[in-house]
Amino acid sequence: MILKRKRSSSLPLTPPLSIDDPDAVRTLDRAVHVLSTEAAALSHVAMLYQTDPIARDGLLRAVDCITRVNEIGGRLIICGVGKSGLVGMKIVATMKSLGLGSSFLHASEAMHGDLGDVRKHDALMFITYSGRTPELLHLLPHIPESVSVLALTSHKVVSDCLLLAGRPDAILLPAPIHEPEEESFGVCAPTTSTTVAMAVGDMLAITVADCVHQERARQVFRKNHPGGAIGARKDDQECEAEKEKKLFRKRHKSIIAPRA
């Protein structure tokens with residue numbers, strides 16, 4: 001016979017927070033502060049690309065580079081480690097769904113054989129907030145000169161980015177934040193910086209897709225995304241379009257049908 005331990009009823013239970021409790025108010029204020037801080041960071045980086053000549057030139061050069069690489073059958077290889085690596089994976093996924101050649105390269109694995117994934121017609125984009133991530137610095141000397149190098153980093157000037165030293169033709173994509181994360185939240189965990197990096201990556205992907213596919217960008221995305229809710233919406237739209245075609249033919253049958 002197995003005896004179950006009887007739960008003690010003497011231990012007080014913590015009541016759930018209500019929105020009127022002081023602790024709840026502090027929790028909500030803290031949560032909203034995170035959202036407002038990251039929203040402010042996105043506003044600052046949007047203003048940067050609207051007004052800063054270096055950022056604007058970097059974006060135009062990056063779009064031209066990736067467009068050219070796709071046209072000759074190459075890919076944009078995105079490389080990073082840690083949270084920046086995860087951001088890179090997301091950008092790769094977005095580019096693939098938009099019909100752009102892209103692949104993720106982990107810096108550590110690259111030094112142990114995966115460097116063979118980089119071909120002469122490719123471009124390589126590093127994602128690093130500091131611009132001096134050791135794994136990326138160790139990898140850079142092994143990248144062929146024929147491969148264009150881009151860096152998505154917090155720096156606003158190429159000369160400040162150690163990773164791009166010695167690469168005068170390198171392309172800088174600034175992704176700065178308006179205040180340090182430790183100052184914003186009390187911890188330096190990648191939060192605002194990864195949000196901004198991902199937004200700049202989205203900006204790049206959408207802009208390149210517009211240049212490569214032009215008016216066909218929407219159709220390319222739908223073709224590459226047949227599953228999930230997006231795929232279901234596509235099927236519904238196609239079904240509705242087919243219904244409209246049949247209705248049109250029915251209403252204008254006498255006009256469309258050839259005369260005897």
Side-chain angles (χ1 to χ4, degrees), residues 58-155 158 161-175 190 193-194 197-198 200-209 211-213 217 220-221 223-227:
L59 175 60
L60 291 175
R61 290 179 62 205
V63 171
D64 180 69
C65 172
I66 301 168
T67 300
R68 186 175 66 254
V69 162
N70 270 266
E71 288 174 348
I72 61 176
R75 297 164 302 155
L76 175 66
I77 309 296
I78 299 181
C79 184
V81 295
K83 303 299 184 294
S84 293
L86 296 176
V87 170
M89 292 180 191
K90 190 273 177 188
I91 297 172
V92 167
T94 299
M95 289 199 164
K96 286 181 176 180
S97 70
L98 293 169
L100 304 173
S102 189
S103 180
F104 180 75
L105 177 69
H106 193 284
S108 298
E109 296 299 331
M111 297 295 287
H112 294 272
D114 284 5
L115 194 57
D117 198 30
V118 182
R119 309 297 172 86
K120 64 179 181 179
H121 295 307
D122 295 336
L124 178 65
M125 184 171 80
F126 293 110
I127 301 181
T128 164
Y129 181 79
S130 69
R132 57 177 186 272
T133 304
E135 293 89 341
L136 305 186
L137 290 172
H138 294 156
L139 174 62
L140 190 58
H142 304 283
I143 303 301
E145 291 292 331
S146 62
V147 174
S148 298
V149 173
L150 305 85
L152 197 162
T153 178
S154 66
H155 299 289
V158 174
C161 182
L162 182 60
L163 186 64
L164 299 183
R167 285 268 183 168
D169 59 338
I171 300 172
L172 177 70
L173 283 170
S193 59
T194 50
M198 194 171 296
V200 172
D202 287 342
M203 171 186 72
L204 185 63
I206 294 294
T207 308
V208 172
C211 290
V212 172
H213 304 304
V220 170
F221 175 77
K223 175 176 173 287
N224 293 332
H225 205 306

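In this structure, Thr153 contributes its side chain and Thr128 its backbone to a donor-acceptor pair below 3.5 Å. Of the possible donor and acceptor atoms, none in the side chain of Arg119 sits under 3.5 Å from a partner among the backbone N and O of Arg75. At least one donor-acceptor pair under 3.5 Å links the side chain of Ser154 to the backbone N or O of Tyr129. For the pair His138 (side chain) and Pro134 (backbone), a donor-acceptor distance under 3.5 Å is present. No donor-acceptor pair under 3.5 Å is formed between the side chain of His106 and the backbone N or O of Gly85. Formation of a donor-acceptor pair under 3.5 Å by the Thr133 side chain with backbone atoms of Glu135 is not found in this model. Side-chain atoms of Asn70 come within 3.5 Å of backbone N or O of Ile66 as a donor-acceptor pair.
Distance CD1/Ile77 to CG/Asp117: 5.0 Å, rounded to 0.5 Å. Rounding to the nearest 0.5 Å places CG of Leu152 at 5.0 Å from CE of Met125. Residue Ser103 holds its OG atom at 10.5 Å from CE of Met89, rounded to the nearest 0.5 Å. Atoms OG and CE, from Ser102 and Met95 in turn, are 5.5 Å apart once rounded to the nearest 0.5 Å. Between the CG atom of Leu59 and the CG atom of Leu172 there is a distance of 11.5 Å, given to the nearest 0.5 Å. Atom-to-atom distance recorded for Leu105:CG and Ile78:CD1 is 10.5 Å, nearest 0.5 angstrom.
When all heavy atoms of Cys65 and Ala123 are compared, the pair lying nearest together is SG-CB, 3.9 Å. Among all heavy-atom pairs drawn from Leu164 and Ala151, the shortest one is CD2-CB, 3.7 Å. Of all heavy-atom pairs between Ser148 and Arg68, the closest is OG-NH2, 4.3 Å. Contact between Ala197 and Ile91 at its shortest, heavy atoms only, is O-CD1, 4.2 Å. Closest approach of Cys211 and Val63 over heavy atoms only: SG-CG1, 3.6 Å. Closest heavy-atom contact between Ala205 and Thr94: CB-CG2, 4.0 Å.
Side-chain contact between Leu124 and Cys79: present, with at least one pair of heavy atoms (C-beta onward) separated by less than 4.5 Å. Between Lys83 and Leu86, the closest side-chain pair of non-hydrogen atoms falls below 4.5 Å. Side-chain contact check for Leu76 versus Val69: every heavy-atom pair is 4.5 Å or farther apart. Leu115 places a side-chain heavy atom less than 4.5 Å from the side chain of Ile143.
Within 6.0 Å of NZ on Lys90 lie more than 12 heavy atoms contributed by other residues, nucleotides or ligands.
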